[in-house]
Amino acid sequence: MHLNDAEKAMLDGCAGPVRRQAMEHLLAVGRFFDAETLVPVSQAHVMADTEALGESGVVWLEALATAAPDHRRVVIPTITDPRGADLAQHGRLKQDPSFVDLERRAIVALRTLGVLMADTCINYQTIMAPVFGEHVAFGDTGSAIYANSVCGARTNFEGGPSAIASALTGCAPRYGFHLPEQRRGSTRFHVTDRPDSLSDWGALGGIIGRCMRSYWEVPVITGITGAPTSDEIKHFGAALASYGSTALFHMVGVTPEARSLEPLFAGPAPEAVLTVGRTEIDAFYDSFRPDDDRLDVVVFAAPQLSLHELAALARLLDGRRIHAEVALVVCTSPELRAAALRMGLLATIEASGALLLEGVCFYQMHAREIGIANGWRRLLSNSAKLVNIIGGYGYQPVLAPMDRCVHSAVAGRMVP
Amino acid sequence: MSPTLLRGHPGIGPAVEGIALVAADNFSARYDLDLTRGRFSRPTHALAGQSYVDAILVLNAAKGGVATAWMLREMKARRLSPKALLLNTANPIMAQGAAFAGLALIDRFSVDITAAITTGQFVTVDPASGIVGVHPKGQP
């Protein structure tokens with residue numbers, strides 16, 4: 001790879017061993033994907049929950065944090081994805097104290113590196129959305145696909161070690177979705193019925209994601225009339241990224257690189273490989289439909305809820321009480337939990353018996369262990385992303401719109 | 001009998017050898033694995049219930065989220081990792097995770113790697129050259 005003088009100096013150790021190690025990591029990844037150069041990035045988003053980090057990851061962060069201050073501090077604005085524990089409320093989930101201790105150690109190390117603990121996967125709704133053409137290093141699939149597709153920014157999936165390496169060096173390997181030619185459409189999908197609910201949008205993302213053959217495939221969606229809201233396209237993108245490992249989509253007439261169909265492809269626009277309507281969306285729900293109506297836990301997360309989702313949830317829960325045998329868990333960012341408190345939404349949500357957590361996401365907080373500790377197996381959510389992930393943790397996930405999730409939580413069983 | 005040589009893109013990590021565990025399914029550490037037991041835990045995965053520990057794991061494509069970038073290192077630290085990952089198509093997360101963990105990874109083979117190797121075969125993996133040697137079952 002061709003490096004400029006500043007990059008060579010970092011690789012040679014002139015800026016200390018931490019930046020040299022970061023540069024070596026970026027080059028290893030860049031060479032794997034035949035990157036010729038590095039690209040400057042303006043902000044980084046670090047996924048570093050301790051379930052993923054484990055003890056070895058935390059020890060690694062702590063080692064970085066022992067470097068001299070001018071050698072260890074990030075050089076671009078850097079924030080975090082959700083953490084593995086809400087330090088104020090972990091006891092209500094019966095989280096193992098050892099996980100919480102690990103979390104505290106990771107937080108200290110990340111802060112020492114100069115990372116801002118935003119603890120959110122919806123940084124584009126709560127902190128600072130990237131702008132068109134901005135090169136960034138985003139480390140959550142939902143965040144990355146939103147940045148690439150909705151904002152027109154440029155990023156690959158940057159997992160924790162790589163996002164930290166970019167934060168320490170200010171650059172990333174120039175391959176994948178940093179390159180204009182990689183951003184062309186490859187497969188077309190046509191939508192005949194506009195999704196209604198957020199879970200419908202997630203189902204649409206899941207349907208298309210299941211068709212994706214690899215990270216490098218870029219789906220182009222036609223047929224959407226009228227712009228989706230930020231929350232709708234958030235659920236669509238998060239599910240598409242989760243099911244497909246997809247980092248970029250184009251929605252014709254909606255996303256900024258898709259004003260029209262033809263220029264999106266290297267040649268003539270292909271026919272749609274799949275047409276998605278109400279029948280296909282209903283079939284997607286059916287793929288999670290259980291044989292009985294038992295219910296243990298209802299979860300609203302993945303992605304964290306926006307202020308408008310919290311408001312919608314508060315309206316549905318107002319004056320109602322969650323069934324004693326069912327838990328209802330809600331995850332949002334620290335900023336939006338504070339906003340919900342200020343606006344009276346938190347009081348309404350918690351008066352129902354629901355638990356509103358901040359700075360976490362359900363599947364990132366040792367979901368297997370909290371499921372066992374609380375006796376949770378049947379999980380109901382309006383997140384198509386969450387129901388895709390959580391089966392591997394021993395849950396039986398079911399997908400439903402938010403209103404049906406709330407009605408079920410109140411009834412203590414899944415209601416039609 | 002000499003091994004069949006399969007050529008992929010030069011990869012990441014050390015040269016290793018071991019017994020192949022193969023499926024024409026995809027891979028994500030967070031979505032598919034029980035890291036505490038070293039087994040595939042996603043009920044719908046083709047390898048559900050099987051141990052991947054010390055295997056040369058041969059699968060189709062990287063799927064899912066970003067956690068694998070951290071998790072491969074933790075799996076190695078717990079001595080509950082595969083020896084190598086051979087994929088038809090990796091994504092950035094697999095490459096980042098392999099680089100962070102020092103785990104062997106090769107992808108972009110000239111053939112469908114999940115069809116070219118069968119479970120139980122002895123396999124040598126050389127990421128520097130991108131070459132995989134596949135021995136007939138029962139050898140060496």
Side-chain angles (χ1 to χ4, degrees), chain A residues 24-34 47-57 59-60 81 138-142 144 156-163 165 173 175-177 209 212-217 241-245 247 363-364 368-369 385 388-394 396, chain B residues 8-13 26-37 39-45 48 60-78 80-81 87-102 105-108 127-128 130:
Chain A
E24 288 170 348
H25 176 84
L26 296 179
L27 295 185
V29 175
R31 289 185 184 117
F32 184 83
F33 290 117
D34 302 320
M47 195 292 278
D49 68 70
T50 47
E51 181 187 290
L53 282 160
E55 174 74 21
S56 68
V59 168
W60 181 78
D81 204 37
F138 275 11
D140 173 281
T141 56
N156 288 305
F157 286 170
E158 298 291 0
S162 289
Y175 71 93
F177 299 112
M212 292 291 101
R213 288 162 294 192
S214 81
Y215 174 85
W216 311 104
E217 198 169 1
S242 174
Y243 289 81
S245 187
Y363 71 90
Q364 292 178 285
R368 182 189 313 283
E369 289 80 3
K385 173 178 179 175
N388 183 40
I389 297 170
I390 210 70
Y393 285 89
Q396 297 170 339
Chain B
H9 188 280
I12 286 174
N26 301 312
F27 181 67
S28 161
R30 172 166 259 161
Y31 289 29
D32 296 331
L33 306 183
D34 181 345
L35 302 185
T36 63
R37 295 181 179 182
R39 292 184 177 277
F40 280 85
S41 58
R42 184 181 179 85
T44 54
H45 198 281
N60 179 40
K63 283 271 184 168
V66 298
T68 306
W70 289 112
M71 285 177 164
L72 294 180
R73 185 186 180 102
E74 178 67 6
M75 290 157 65
K76 275 194 79 174
R78 295 183 189 186
L80 288 173
S81 72
L87 301 171
N88 280 324
T89 313
N91 68 359
I93 296 303
M94 291 299 146
Q96 295 160 15
F100 184 57
L105 167 70
I106 303 177
D107 80 337
R108 286 164 282 175

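Throughout, a chain's letter reflects where its sequence line sits, starting with A, and its residues are numbered from 1.
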- Step-by-step side chain to side chain contact (heavy atoms under 4.5 Å, CB included) determination, B:Arg42 to A:Asn388: CA-CA 10 Å; B:Arg42 184 181 179 85; A:Asn388 183 40; 2.8 Å; yes
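The NZ atom of B:Lys63 sits 11.5 Å away from atom OH of A:Tyr243, with the distance rounded to the nearest 0.5 Å. A distance of 8.0 Å separates CD1 in B:Ile93 from CE in A:Met47, rounded to the nearest 0.5 Å. Taken from CZ in A:Arg31 to NE2 in B:His9, the straight-line distance is 12.0 Å, to the nearest 0.5 Å. Atoms OG and CG, on A:Ser214 and B:Asn60 in that order, are 9.0 Å from each other to the nearest 0.5 Å.
Chain A forms the most heavy-atom pairs under 4.5 Å with one residue out of B:Pro92, B:Ala29, B:Ala48, and that residue is B:Pro92. When A:Ser245, A:Ser56, A:Gly392, A:Pro161 are compared by the number of non-hydrogen pairs under 4.5 Å with chain B, A:Pro161 comes out ahead. The greatest number of non-hydrogen atom pairs below 4.5 Å with chain B, out of A:Gly394, A:Gly244, A:Ala28, A:Ala165, is found for A:Gly244. Highest contact tally toward chain B, considering only A:Tyr175, A:Phe33, A:Trp216, A:Tyr393, is held by A:Phe33 [criterion: heavy-atom pairs under 4.5 Å].
No more than 12 heavy atoms of other residues, nucleotides or ligands shown are found within 6.0 angstrom of CZ on A:Arg213.
With a 4.5 Å cut-off on non-hydrogen atoms, B:Ala98 does not touch chain A at all. For chain A, the nearby parts of B:Leu105 are the backbone and the side chain; heavy atoms of each come within less than 4.5 Å. Neither the backbone nor the side chain of A:Glu24 comes within contact range of chain B; no heavy atoms are under 4.5 Å apart. In this structure, the portions of A:Ala48 lying under 4.5 Å from any heavy atom of chain B include both its backbone and its side chain. With a threshold of 4.5 angstrom between heavy atoms, A:Ala241 approaches chain B through N, CA, C or O but not through any side-chain atom. Contacts of B:Asp34 with chain A are made by both backbone and side-chain atoms, with heavy-atom separations under 4.5 Å. Only the side chain of A:Arg368 comes within contact range of chain B, with heavy atoms under 4.5 Å apart. Proximity to chain A (any heavy atom under 4.5 Å) is restricted, for B:Ala62, to the backbone atoms N, CA, C and O.
The nearest pair of heavy atoms linking B:Ala69 to A:Gly160 is CB-N, 4.3 Å. Across all their heavy atoms, B:Pro43 and A:Gly391 have their closest contact at CD-O, 3.6 Å. The two atoms that bring A:Trp60 and B:Arg73 nearest to each other are CD1-NH2, 3.5 Å, heavy atoms only. Pairing each heavy atom of B:Val66 with each of A:Phe157, the nearest pair is CG1-CB, 4.3 Å. Residues A:Glu369 and B:Thr36 share a closest heavy-atom pair of OE2-CG2, 4.3 Å. For the residue pair B:Ala67 and A:Ala52, the shortest heavy atom distance occurs at CB-CB, 4.0 Å.
Looking at residues two or more places apart in sequence or on another chain, you find a side-chain contact (heavy atoms from CB on, under 4.5 Å) between B:Leu80 and B:Val53, B:Arg78.
Side chain of B:Trp70 to backbone of A:Asp49: no donor-acceptor contact under 3.5 angstrom is found. Remark: the backbone N or O of A:Gly159 is paired with a side-chain donor or acceptor of B:Gln96 at under 3.5 angstrom.
Contact annotation: the side chain of B:Asp107 approaches that of A:Phe32 to within less than 4.5 Å [non-hydrogen atoms, C-beta and beyond].
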